[in-house]
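All remarks here apply to the structure that follows.
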Amino acid sequence: MEVDGETAKIDYKMQDGKMHLVYSEVPFNIRGQGIGKILVEKTFEKLTTEGYQAVAVCGYIKSVAKGSEEWNEIIG
């Protein structure tokens with residue numbers, strides 16, 4: 001996700017037919033603006049729309065999933 005010329009991203013790997021979300025990163029210059037949460041939620045929306053099953057490996061991604069009833073049930 002591009003924000004002010006910086007790239008926030010989520011790294012993943014496919015394993016056993018599921019997308020494992022292993023790492024999220026927001027560049028230092030744009031931290032503290034809620035961009036990480038927006039990035040994770042947009043990722044969850046896209047995965048759901050495209051029919052992927054996902055597993056949150058990254059601690060931050062797990063916390064966003066657990067903080068929402070909607071995502072807690074969808075993201076393992």
Side-chain angles (χ1 to χ4, degrees):
M1 182 170 94
E2 294 290 324
V3 178
D4 295 334
E6 301 279 355
T7 303
K9 65 180 182 172
I10 293 179
D11 290 333
Y12 67 92
K13 65 179 178 178
M14 293 299 292
Q15 183 177 344
D16 300 325
K18 294 182 180 179
M19 188 173 289
H20 290 246
L21 307 172
V22 296
Y23 182 72
S24 61
E25 179 182 1
V26 175
F28 182 79
N29 294 340
I30 57 173
R31 289 183 186 170
Q33 302 175 43
I35 292 168
K37 185 174 182 181
I38 293 167
L39 172 67
V40 171
E41 289 178 341
K42 286 186 177 287
T43 300
F44 291 168
E45 289 171 7
K46 185 149 180 85
L47 292 172
T48 302
T49 300
E50 294 183 5
Y52 285 102
Q53 291 184 330
V55 176
V57 177
C58 168
Y60 181 73
I61 296 171
K62 281 182 185 180
S63 73
V64 173
K66 288 183 180 181
S68 165
E69 292 249 345
E70 177 184 8
W71 302 127
N72 190 31
E73 295 180 16
I74 296 170
I75 308 298

Calculate, to the nearest 0.5 Å, the distance between atoms [atom1] and [atom2] belonging to [X] and [Y] respectively.
{"X": "T49", "Y": "K42", "atom1": "OG1", "atom2": "NZ", "value": "11.0 Å"}
{"X": "E25", "Y": "E6", "atom1": "CD", "atom2": "CD", "value": "10.0 Å"}
{"X": "E50", "Y": "M19", "atom1": "CD", "atom2": "CE", "value": "7.5 Å"}
{"X": "Q53", "Y": "M14", "atom1": "CD", "atom2": "CE", "value": "9.5 Å"}

Point to revise | For V55 against I75, the heavy-atom pair lying closest together | key: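 Smallest interatomic distance, heavy atoms only, reads C-CG2, 4.5 Å.
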Check your understanding: Taking all non-hydrogen atoms of both residues, which atom of S24 and which atom of Y60 are closest, and how far apart?
Key ->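 That closest heavy-atom pairing would be OG-CD2, 3.9 Å.
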Point to revise | Transitive ILVMFWY side-chain link Y23 to L39, under 4.5 Å | key: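 In one cluster with Y23: L39, no.
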Practice item. Find out if a path of hydrophobic residues (ILVMFWY) with successive side-chain heavy-atom gaps under 4.5 Å connects V22 to V40. Key: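 Not linked; separate clusters.
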Exercise for review: Side-chain contact test, heavy atoms from C-beta onward, threshold under 4.5 Å: evaluate it for T43 versus I61 and give yes or no.
Suggested key: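 With C-beta onward as the side chain, the pair stays apart.
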Practice item. Go through the steps for L47 and L21 under the test side-chain contact (heavy atoms from CB on, under 4.5 Å), then give the verdict. Key: CA-CA 11 Å; L47 292 172; L21 307 172; 4.1 Å; yes
Practice item. Carefully, step by step, assess T48 and W71 under the rule side-chain contact (heavy atoms from CB on, under 4.5 Å). Key: CA-CA 10 Å; T48 302; W71 302 127; 3.6 Å; yes
Exercise for review: Please indicate whether D4 has more than 12 foreign heavy atoms, meaning atoms of other residues, nucleotides or ligands, lying under 6.0 Å from its CG.
Suggested key: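 Atom CG in D4 is not crowded, with 12 or fewer foreign heavy atoms closer than 6.0 Å.
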Point to revise | Reference residue M1; test side chain to side chain contact (heavy atoms under 4.5 Å, CB included); the match among I38, T7, V26 | key: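 Filter result, single survivor: I38.
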Review point. After noting the C-alpha distance and the side-chain angles of V64 and F44, does the key distance pass the side-chain contact (heavy atoms from CB on, under 4.5 Å) rule?
Key: CA-CA 10 Å; V64 173; F44 291 168; 4.2 Å; yes
